[in-house]
Amino acid sequence: FLLKTFVKSSVNGYIESSFVQPGQYVHRGAKLFILKTKEAHNLGNTISRMDSTFHFSGRILIRASDSGYITTLNYHSGDYVADGEQLAVISNLKSFAFLLELPYDLKSCLASNKQILLKLSDGTTLNGRATSTMPSVDPVSQTLSVVIKVNTNKQIPENLIARVILVKKMKKNAVSLSKEAILTNETQSQFWIMKMINNTTAVKVPVKIGMQTNDRVEILSPALSPNDRIILTGNYGLPDTAKVIVSHGAI
């Protein structure tokens, strides 16, 4: 929550009543606490007995100055508080955002990522957009904090870590294969695939690779067609022009 309202005591006294609990949502103007000054606590009954027409209560009502969730509650009924002491913290729901810790050398990626995809640990996917960046970087990690607003009505707890997917490069009509289909030597200087030329024979086809994602690899050459059959499993260590048996449509 980027915007938080700190509810503070305006007098020295006791909390006579508390109307909130941690995690509770409160509206602007809602009753939060009733404070009773220490003078009223000590002298109120005495003054009332001396003059019943003098209504001396010493009670002060504290209301919420903003709408949001009570994320911190420091005191409860009966506690003594000093003037200016923090009683609670209200987190503004509309100010909720994710802070992306972006390496500074990737700052240029923000221009091409107006819409940002976020993945939560429970598998939920959220759409967000970068609204602003902080004017400083972390001195140790050299990362830049980017404010990402998400479009969701779901309540998301504070301090939740999400994974952000940024597009660094994009190419249309690219031919790609699953990473399992790509084989390489020990120095990763040569790459090849095992391609079926008939129902029982697989040949070694050298390939030139391009862009890579977590599970896909772009094939720059040779040209492949959707009808080509490429071995995905059991291809490691196969020699050129190998006899294979296809089982369960694994290709």
Presence of salt bridge, K4 and E158, under 4.0 angstrom: yes

How far apart are the closest heavy atoms of K179 and N214, and which atoms are they? CD-O, 3.6 Å

Going by distance alone, is a donor N or O of one side chain under 3.5 Å from an acceptor N or O of the other, for Q190 and T184? no

Does the R216 side chain pair with the main chain of V175, one donor and one acceptor, at a distance under 3.5 Å? no

What class does the angle between the rings of Y25 and Y69 fall in, given that below 30° is parallel, 30 to 60° is tilted and above 60° is perpendicular? perpendicular

Is the shortest heavy-atom distance from the side chain of L166 to the side chain of L106 under 4.5 Å? no

So, do V89 and F6 sit near enough that their side-chain heavy atoms are less than 4.5 Å apart? yes

Mind checking whether N199 and R229 have side chains closer than 4.5 Å, heavy atoms only? yes

Quick one: closest heavy-atom pair of I70 and Q21, and the distance? CB-O, 3.6 Å

Do N151 and L126 pass the side-chain contact (heavy atoms from CB on, under 4.5 Å) test, and can you show the C-alpha distance, the side-chain angles, and the key distance before you say yes or no? CA-CA 7 Å; N151 300 319; L126 300 176; over 6 Å; no

K149: which residues meet the salt bridge (Lys or Arg N to Asp or Glu O under 4.0 Å) condition with it, sequence neighbours left out? none

Nearest atoms (heavy-atom pairs only) where A64 meets I90: CB-CD1, 3.8 Å

Considering residues, nucleotides and ligands other than D122, do more than 12 of their heavy atoms fall under 6.0 Å from its CG? yes

Give a yes-or-no answer on whether the side chains of N227 and S225 include a donor-acceptor pair shorter than 3.5 Å. no

Side-chain heavy atoms nearer than 4.5 Å, only ILVMFWY residues, links allowed to pass through others: does that put L224 and I209 together? yes

Using atom types as modelled and distance alone, determine if a side-chain donor or acceptor of S77 lies under 3.5 Å from a backbone N or O of S18. yes

Are any side-chain N or O atoms of R28 and backbone N or O atoms of S65, one a donor and one an acceptor, separated by less than 3.5 Å? yes

Is there a path of hydrophobic side-chain contacts, each under 4.5 Å between heavy atoms of I/L/V/M/F/W/Y residues, joining V150 to L102? yes

Is I60 reachable from F33 through a run of I, L, V, M, F, W or Y residues, each pair having side-chain heavy atoms under 4.5 Å apart? yes

Do I245 and I230 belong to the same hydrophobic cluster, where Ile, Leu, Val, Met, Phe, Trp and Tyr are linked whenever their side-chain heavy atoms lie under 4.5 Å apart, directly or via other members? no

Taking only residues two or more places apart in sequence, or in another chain, which ones meet Y80 in a ring-ring contact (aromatic ring centres under 6.0 Å, His included)? Y14

How close do L35 and S10 get, counting heavy atoms only, and between which atoms? CD1-N, 4.3 Å

Listing request: all side chain to side chain donor-acceptor pair (under 3.5 Å) pairs with a residue in residues 81-93, at least two apart in sequence or in separate chains. D66-N92, T71-S91, N74-Q86, Y75-E85

Indicate yes or no for a side-chain donor-acceptor contact from D228 to the backbone of A223 under 3.5 Å, with no hydrogens or angles considered. no

Under 3.5 Å side-chain donor-acceptor pair for T124 and K119: no

side-chain contact (heavy atoms from CB on, under 4.5 Å) for V147 and M134? Distances and angles first, verdict last. CA-CA 8 Å; V147 179; M134 296 300 180; 3.9 Å; yes

Note: I231 and A202 closest approach over all heavy atoms is CD1-CB, 3.6 Å

Counting distance only, does the side-chain N/O of D79 pair as donor-acceptor with the main-chain N or O of I15 below 3.5 Å? no

Take atom CD1 in I161; do more than 12 heavy atoms of anything else shown fall under 6.0 Å from it? no

I182 and I219, any side-chain heavy atoms less than 4.5 Å apart: yes

Is there a side-chain contact between V167 and S112 in this structure, where contact means two heavy atoms from C-beta onward sitting under 4.5 Å apart? no

Quick one: does V244's side chain get under 4.5 Å of M196's, heavy atoms only? yes

Given the rule that I, L, V, M, F, W and Y join up when any side-chain heavy atoms are under 4.5 Å apart, are I193 and I197 in one cluster? yes

Identify the residue among L118, I116, V146 that makes a side chain to side chain contact (heavy atoms under 4.5 Å, CB included) with F98. L118

Indicate yes or no for a side-chain donor-acceptor contact from E218 to the backbone of M211 under 3.5 Å, with no hydrogens or angles considered. yes

Give the minimum heavy-atom separation between N185 and W192, together with the two atoms involved. N-CZ3, 3.7 Å

